[in-house]
Amino acid sequence: MKEIRILDKSFREMITEEAIRMRIGELAEQMNNDLKNKDVVCLGILNGAFLFAADLFRRLEIPARISFVKLASYEGTRSSGTIKELIGWNEDIRGKTVVVLEDIVDTGHTLERIMAELVMRKASEIRIATAFYKPEAYRSNISLDYVGFEIPNDFVVGYGLDYDGYGRNLPSVYTLIH
Ligand code: XMP
Ligand code: MG
């Protein structure tokens with residue numbers, strides 16, 4: 001069992017680089033079939049999705065474009081909670097088929113926020129692709145079209161996912177050892 005240490009925590013390898021590579025090939029094949037005749041814009045959500053986006057996008061054989069946005073947190077002036085704003089738009093998605101590329105879907109709150117923005121910007125069709133998904137934590141009813149791996153409700157790092165900024169460069173996915 002491969003174990004690693006990041007800052008004060010230990011993690012155990014859960015999904016290998018090879019398994020990720022193979023699964024992404026399968027997702028790309030599905031997308032190549034499903035999206036053949038669409039005008040596709042992939043929308044990667046930074047920072048976490050950058051590796052997934054690169055690996056998946058490279059295996060698409062349909063005409064497609066890619067763009068990236070980032071969720072920025074700022075303190076709301078009226079509410080006490082943190083509000084998240086999607087920044088970095090440079091693509092007109094009106095009338096386009098947008099495929100959101102996420103690193104991980106947990107509660108689904110982030111996805112709800114992204115979805116609202118895509119609807120507001122008048123995308124004609126929206127599909128969701130995520131490398132990892134935690135079904136036990138999911139609280140939304142947005143359907144996920146392309147899921148790499150369903151994983152338990154534990155904290156993971158690697159393949160773009162971080163612990164306090166570190167671990168994104170790990171080619172495999174590691175789960176926190178309690
Ligand atoms: P929600 O709850 O909005 O969460 O679906 C999505 C965002 O939360 C982060 N997240 C994680 N990051 N390991 C991480 O490194 C995890 O296990 C994990 N679970 C959720 C991530 O930023 C994601 O976009
Ligand atoms: Mg993070």
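Both counts, for ligands and for their atoms, begin at 1 and track the order of listing. What you are looking at is a predicted structure, and each value in this text was computed from that prediction instead of being measured. We count residues from 1, following the sequence as given.
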Atom 8 (O) of ligand 1: protein heavy atom closer than 4.0 Å? no
Looking at ligand 1, is there an atom of it that comes within less than 4.0 Å of some heavy atom belonging to [X]?
X      : answer
Asp162 : yes
Gly48  : no
Lys134 : yes

Counting from 1 in the order shown, the ligand 1 atoms closer than 4.0 Å to a non-hydrogen atom of Asp154 are 17 (O)
In ligand 1, the atoms that come under 4.0 Å of a heavy atom of Thr107 are 1 (P), 2 (O), 3 (O), 5 (O)
Mind checking whether [X] and [Y] have side chains closer than 4.5 Å, heavy atoms only?
X      : Y      : answer
Val173 : Thr175 : no
Leu176 : Lys9   : yes
Ile142 : Glu112 : yes

Looking at Asp162, the N, O or S atom sitting nearest the Mg ion (ligand 2) is OD1
Here the pair of heavy atoms bringing Val147 nearest to Arg23 is O-NH2, 2.9 Å
Say whether Leu111, considering both its backbone and side-chain N or O atoms, lies within less than 3.5 Å of an N or O atom on ligand 1. no
Under 3.5 Å, N or O to N or O, is Val156 touching ligand 1 that way? yes
Out of Ile151, Thr110, Asp103, the nearest non-hydrogen contact to atom 24 (O) of ligand 1 is supplied by Asp103
Of Ile104, Leu46, Val105, the one whose closest heavy atom lies nearest atom 10 (N) of ligand 1 is Ile104
Atom 12 (N) of ligand 1: closest protein heavy atom, distance to 0.1 Å, is Leu161 CD2, 3.8 Å
Among non-hydrogen protein atoms, atom 19 (N) of ligand 1 lies closest to Asp106 OD2, 3.0 Å
A quick test of your reading: do over 12 heavy atoms of other residues, nucleotides or ligands sit less than 6.0 Å from [atom1] of [X]?
X      : atom1 : result
Met22  : CE    : no
Gln30  : CD    : yes
Tyr166 : OH    : no

The residue among Asn169, Asp103, Asp55 that forms side chain to side chain donor-acceptor pair (under 3.5 Å) with Tyr159 is Asp55
- Which of parallel (below 30°), tilted (30 to 60°) and perpendicular (above 60°) describes Phe132 and Phe149? parallel
